[in-house]
Amino acid sequence: MILEMKVPSPGESITEVEIAEWLVQDGDYVEKDQAIAEVDSDKATLELPAEVSGTITLKAEEGDAVEVGAVVCLIDTSATKPEGDASTPVAADAPKPVAATPVTTTTNDTYATGTASPAAKKILAEKGIDATTISGTGKDGRITKDDAVKAVPSMGQKVDVEGRGVTRSKLSMLRRKVAERLVSAKNETAMLTTFNEVDMSPIFELRNHYKETFKDKHGVGLGFMSFFTLAVVRALKLFPAVNSMIDGKEMISYDFCDISIAVSGPKGLMVPVIRNAEHLTFRGVESEVKRLAIRARDGQITVDEMTGGTFTISNGGVFGSMLSTPIINPPQSGILGMHNIIERPVAVDGKVEIRPMMYVALSYDHRIIDGKESVGFLVAVKEALENPQEFLMDNDVMNALEL
């Protein structure tokens, strides 16, 4: 029996995926649940497991965009597993096979040799490249779409000079989607940015005094993110327009705070969401940040964990950024940018003192957030960070940190 394997839906609102890499070759025997391909959606990279055992016939090439529900391969379940198949597990202490005398074979040219696939032919035509100048890596020498994408047009007489290599690599669907969303945010929102600075001394003092006890009891560190997240939650309650978004001719406001945290993952920028942050304590925020960061780092983050945020916090300071204008994460209307902490001379009660200072930036959609609200929001964040015991801990540090 021939089974048609179709692309499953990776998540709500995703209509197509891209074949990032085939993990098997055409004609291979595959086992049920064996990973046969990696597919990119606009939110994450997922593995595609074989639904049954049998011989596989590939119906899509690497780099092809295929719709959810489309057939990407066929599996012949009537095929028997070849003896000595490489997929059969071998014990570590099993005797090694005796090397056989190599047999020289020749690969005969076929009608496919040097022939470009339809997608490759279109790309080569756009680049003005003759297909006869390309060596195909597909079956029987066929020129694949990937070959065409990597092909570089001639730029005149070649010069044999070391250190002038050119590398061309295709953007993943996730990276392309991020690019589209960023351009969309710039083009479709009235984005402005307001700035302020925060004296981090009070937070430094609290962390220095309680971080060891906090970590010993809760198993997570007392970082800056919990202070910023809770300061943002407080400010969102004071200025609910910042916790809103536009849907056509309507403005949607939320009475909950799902805070997106921008993190750098192996596949690029990822933005997992801390759900209902308004109900979390310092311990709760730090535990959730750690959990999501580990999942993003290990490539285990799911689509559901990265969608539905109402406001975003981005920390460029971990990379050394002193000041930036973060781009709104649509359809949200606001994003807070954190930056690095630098000791600077500041005026305190008429005297110059050296304090650990951080610039903060709020980018916002001016279509629904006025200047008064945006500035007020950022001042509220600054106020809470510079006096966390009063505004974030209700003047009871031990209880707030659950010590």
Side-chain angles (χ1 to χ4, degrees), residues 11-12 43-44 174 198 200 203 206-207 210-237 242-243 245 254-319 326 328-329 331-332 334-339 358 360 362 377 380-381 384-385 388-389 391-394 396-403:
E12 187 179 354
K43 297 190 182 296
L174 174 62
V198 177
M200 299 292 289
I203 294 177
L206 284 170
R207 292 182 69 245
Y210 295 103
K211 64 181 181 181
E212 295 299 332
T213 307
F214 187 88
K215 187 173 184 178
D216 289 343
K217 180 161 186 181
H218 303 307
V220 290
L222 179 60
F224 295 115
M225 192 55 71
S226 54
F227 288 93
F228 275 83
T229 300
L230 296 179
V232 163
V233 167
R234 172 180 176 271
L236 289 175
K237 292 178 180 178
V242 184
N243 201 35
M245 58 188 66
Y254 301 94
D255 61 0
F256 55 87
C257 300
D258 284 355
I259 307 299
S260 303
I261 305 293
V263 298
S264 179
K267 295 292 183 177
L269 180 68
M270 296 186 178
V271 194
V273 181
I274 300 177
R275 306 288 180 188
N276 295 112
E278 73 277 11
H279 297 317
L280 296 180
T281 61
F282 282 86
R283 176 180 63 85
V285 172
E286 293 294 353
S287 298
E288 190 66 359
V289 167
K290 180 180 179 180
R291 184 186 73 83
L292 293 170
I294 291 174
R295 288 180 61 78
R297 182 198 65 196
D298 295 343
Q300 299 176 341
I301 202 80
T302 65
V303 173
D304 289 340
E305 288 174 314
M306 293 193 293
T307 54
T310 63
F311 185 88
T312 296
I313 299 176
S314 177
N315 186 6
V318 296
F319 304 111
I328 295 171
N329 179 22
Q332 298 172 16
I335 177 172
L336 178 72
M338 301 167 56
H339 300 91
M358 175 193 286
V360 288
L362 173 71
F377 175 92
V381 170
L385 294 173
Q389 294 191 46
F391 295 108
L392 302 180
M393 299 177 166
D394 198 24
D396 189 345
V397 177
M398 298 296 287
N399 182 57
L401 298 181
E402 303 174 66
L403 301 178

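Not measured: the values here are computed from a predicted model. Numbering of residues begins at 1 and proceeds along the displayed sequence.
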inquiry  = If you apply the rule salt bridge (Lys or Arg N to Asp or Glu O under 4.0 Å), what do you find for Glu305 with Arg295, and how did you get there?
reply    = CA-CA 10 Å; Glu305 288 174 314; Arg295 288 180 61 78; 3.1 Å; yes
message = Would the distance check show the side chain of His218 and the main-chain N or O of Ser287 forming a donor-acceptor pair, the cut-off being under 3.5 Å?
response = no
inquiry  = Using modelled atom types and a 3.5 Å cut-off, is there a donor and acceptor pairing between side-chain atoms of Asn243 and backbone atoms of Asp255?
reply    =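 The answer is no, because no donor-acceptor pair under 3.5 Å joins these two groups.
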key: Check ion pair Arg291-Glu288 (N to O, under 4.0 angstrom)   = yes
ask   = Should Val381 and Val360 be marked as a side chain to side chain contact (heavy atoms under 4.5 Å, CB included) after you check the CA-CA gap, both sets of side-chain angles, and the distance that decides it?
value = CA-CA 9 Å; Val381 170; Val360 288; 5.7 Å; no
query = Among all residues two or more places apart in sequence or in another chain, which pass the salt bridge (charged side-chain N to carboxylate O under 4.0 Å, His left out) test with Arg207?
reply = none
remark   = For Arg275, the salt bridge (charged side-chain N to carboxylate O under 4.0 Å, His left out) test, sequence neighbours excluded, returns Asp258
task = For residues Leu401 and Met393, determine if any side-chain heavy atom of one lies less than 4.5 Å from a side-chain heavy atom of the other.
result = yes
With sequence neighbours left out, write down each residue that passes side-chain contact (heavy atoms from CB on, under 4.5 Å) with [X], or none if nothing qualifies.
X: Pro388; value: Pro202, Ile203, Leu206, Phe227, Leu392
X: Ala277; value: Thr229, Val233, Ile259, Ile274
X: Ser314; value: Ala262, Ile335
X: Asp396; value: Met398, Asn399

Rounded at 0.5 Å granularity, tell me how far [atom1] in [X] sits from [atom2] in [Y].
X: His339; Y: Met358; atom1: NE2; atom2: CE; answer: 8.5 Å
X: Gln332; Y: Tyr254; atom1: CD; atom2: OH; answer: 9.0 Å
X: Leu230; Y: Thr281; atom1: CG; atom2: OG1; answer: 8.0 Å
X: Met225; Y: Ile261; atom1: CE; atom2: CD1; answer: 5.0 Å

request  = Please report the C-alpha distance between Phe377 and Phe311 in whole Å, then the side-chain angles of each, then the deciding distance to 0.1 Å, and finally whether the ring-ring contact (aromatic ring centres under 6.0 Å, His included) criterion is met.
outcome  = CA-CA 12 Å; Phe377 175 92; Phe311 185 88; 5.4 Å; yes
request  = For residues 221-231, pull every pair meeting salt bridge (charged side-chain N to carboxylate O under 4.0 Å, His left out), keeping only residues two or more places apart or in separate chains.
outcome  = none
query = Who are the side-chain hydrogen bond (donor to acceptor under 3.5 Å, both in side chains) partners of Glu286, not counting sequence neighbours?
reply =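 With neighbours one apart ignored, the set is Ser226.
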ask   = Considering residues at least two apart in sequence or located in another chain, which fulfil the side-chain hydrogen bond (donor to acceptor under 3.5 Å, both in side chains) criterion with Arg283?
value =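 Scan of Arg283 (side-chain hydrogen bond (donor to acceptor under 3.5 Å, both in side chains), adjacent residues dropped) gives Glu402.
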query = Quick one: ring pair (Phe, Tyr, Trp, His ring centres under 6.0 Å) partners of Phe228, sequence neighbours excluded?
reply =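 Scan of Phe228 (ring pair (Phe, Tyr, Trp, His ring centres under 6.0 Å), adjacent residues dropped) gives none.
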inquiry  = Using the ring pair (Phe, Tyr, Trp, His ring centres under 6.0 Å) criterion, which residues pair with Phe224? Sequence neighbours excluded.
reply    =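 Counting only residues at least two positions away or on another chain, Phe224 forms a ring pair (Phe, Tyr, Trp, His ring centres under 6.0 Å) with Phe204.
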query = If you look at every heavy atom in Leu403 and Lys217, which pair is closest and at what distance?
reply = C-NZ, 3.8 Å
task = For residues Gly334 and Ile328, report the shortest heavy-atom separation together with the two atoms involved.
result =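 Minimum heavy-atom separation between Gly334 and Ile328: N-CG2, 4.4 Å.
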task = With side chain to side chain contact (heavy atoms under 4.5 Å, CB included) as the test, would you mind laying out the steps for Val232 and Leu336 before giving the verdict?
result = CA-CA 8 Å; Val232 163; Leu336 178 72; 3.7 Å; yes
query = Looking at Thr310, Thr307, Val273, which one forms a side-chain contact (heavy atoms from CB on, under 4.5 Å) with Ser260?
reply =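 By the side-chain contact (heavy atoms from CB on, under 4.5 Å) criterion, Ser260 pairs with just one of Thr310, Thr307, Val273: Val273.
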